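Because the structure is a prediction, the values reported are computed rather than measured. One-based numbering, in listed order, for ligands and for the atoms of each.
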Amino acid sequence: MNKKLVSAILCGAMVLGTVSPVFAEEDGVKIALVAKSAGNAFFEIAAASFVETAEAEGSTVDIIYPEEATADAQIKSLDNLISQDYDVICISANDENALQAKLEEAMDAGIKVVSFDSAVNSDSRQVFVNQAGVTEVAQALMDAVYDIAGGEGQWAILSATSQATNQNAWIDAMKEIMESDEKYADLELVEVAYGDDESQKSTDQTEALVTNYPDLKVICAPTTVGIAAAAKYLQDNDCTCKLTGLGLPSEMLEYTGEGDDYSCPYFYLWDMQGLGTLAAYTSIAIANEEITGAEGETFTAGDLGDYTIVAASDGGTEIVLGLPLEFNPDNIEEMAELY
Ligand code: RAM
């Protein structure tokens with residue numbers, strides 16, 4: 001229950017003389033953390049920091065892993081959550097718009113909605129916790145593709161699901177960068193394939209890409225599941241096609257290096273512990289009405305420091321954790337110990 005409501009009830013009850021004037025302990029915030037799907041280490045890592053932070057603040061967290069990375073599976077999960085008296089739902093969306101009716105139902109029932117990692121549209125949330133700016137991620141990936149391809153040739157994208165807000169935002173931004181700068185004129189994007197954040201499907205899609213485009217120079221997989229599957233396939237099959245994208249260092253350790261023995265020269269992600277921690281502090285601050293999600297509000301996210309809510313490109317608001325981080329042969333061993 002939020003703090004203002006607790007105080008209001010206590011004051012009201014004291015005025016009516018229904019409780020004795022002892023100071024009741026405030027409840028912590030009750031949070032439902034909804035991942036995109038089960039079986040993706042990305043969400044387990046984010047959830048671990050989220051839970052640690054929230055519990056240290058006296059809150060409770062239930063983590064929900066929908067069966068598959070679809071809007072339908074998330075709607076089913078949300079159906080079960082709405083009647084359970086949560087203060088806040090924090091969700092990584094499988095679809096930008098399809099969850100709107102359910103999340104509006106949740107908000108009408110008094111539950112606050114925060115999205116993290118992959119946003120729901122601006123009508124379906126109070127605020128989005130964005131791990132790194134969309135343009136910054138897209139620019140880093142585009143430059144990696146350019147560099148690894150040697151400035152020219154065919155490349156492909158291996159994405160997650162076709163409806164994921166975050167994947168589509170990065171892909172659209174990459175295309176925009178490629179089209180707006182002559183530097184990338186000799187790069188040809190031949191296909192965007194979808195592995196649905198499933199390992200086997202991502203492997204099959206990788207195989208199809210290298211079979212259908214024998215001259216393919218680079219695959220960019222902006223998904224931790226996709227990049228790990230592609231890394232293994234390309235390396236095990238001695239493919240000349242190289243790889244970059246967004247990955248977990250712990251899952252990319254054996255595939256990252258220089259030369260023919262490794263499929264991935266370098267790749268990116270962001271501070272995973274930071275993402276879970278910031279999402280937890282944001283959820284608690286929203287539930288306690290310390291912030292409402294309006295542009296310009298500021299709050300302190302523990303040791304991470306102070307954050308300001310800014311306008312997001314979709315018309316809503318967001319809090320940006322930081323910049324994308326590069327993982328390469330020099331730092332991968334150290335980073336693989338963290339996540
Ligand atoms: C996958 C998911 C997640 C995305 C990462 C990079 O784990 O699709 O939403 O942020 O990749």
Notebook entry, point to check: Which of the atoms of ligand 1 are close to Trp270, meaning less than 4.0 Å from one of its heavy atoms?
Noted result: 6 (C), 10 (O)
Margin query: Under a 4.0 Å threshold between the charged nitrogen and the carboxylate oxygen, would Asp95 count as salt-bridged to Lys36?
Written below: no
Notebook entry, point to check: Between Asp197 and Thr223, is any side-chain donor less than 3.5 angstrom from a side-chain acceptor?
Noted result: yes
Next item on the list: Taking only heavy atoms of Trp170 into account, list the atoms of ligand 1 that are under 4.0 Å away from them.
Entry: 10 (O)
Checklist line | Heavy-atom neighbours of Glu52 CD exceed 12 at 6.0 Å | finding: no
Notebook entry, point to check: Judged by modelled atom types alone, do Gln139 and Asp143 share a side-chain donor-acceptor pair under 3.5 Å?
Noted result: yes
Margin query: Taking 4.0 angstrom as the limit and counting only heavy atoms of Asn40, give me the atoms of ligand 1 inside it, by number and element.
Written below: 1 (C), 2 (C), 7 (O)
Check: Which residues, ordered by chain and number, are linked to Ile64 in its hydrophobic cluster, where ILVMFWY side chains connect at heavy-atom gaps below 4.5 Å, directly or through other members?
Finding: Val34, Ile75, Leu78, Leu81, Tyr86, Ile89, Ile91, Leu99, Leu103, Met107, Ile111, Val113, Val120
Note to self: At less than 4.0 angstrom from any non-hydrogen atom of Lys36, what atoms of ligand 1 do you find?
What the structure shows: 2 (C), 3 (C), 8 (O), 9 (O)
Checklist line | Gln167 N/O under 3.5 Å from ligand 1 N/O | finding: yes
Notebook entry, point to check: Got the closest protein heavy atom to atom 11 (O) of ligand 1, with its distance?
Noted result: Thr224 N, 2.9 Å
Notebook entry, point to check: Which atoms of ligand 1 sit under 4.0 Å from any heavy atom of Asp117?
Noted result: 3 (C), 4 (C), 9 (O), 10 (O)
Margin query: Tell me whether Glu297 contacts the main-chain N or O of Ala294 through its side chain, where contact means a donor paired with an acceptor under 3.5 Å.
Written below: yes
Notebook entry, point to check: Atoms of ligand 1 less than 4.0 Å from Asp197 heavy atoms?
Noted result: 1 (C), 2 (C), 8 (O)
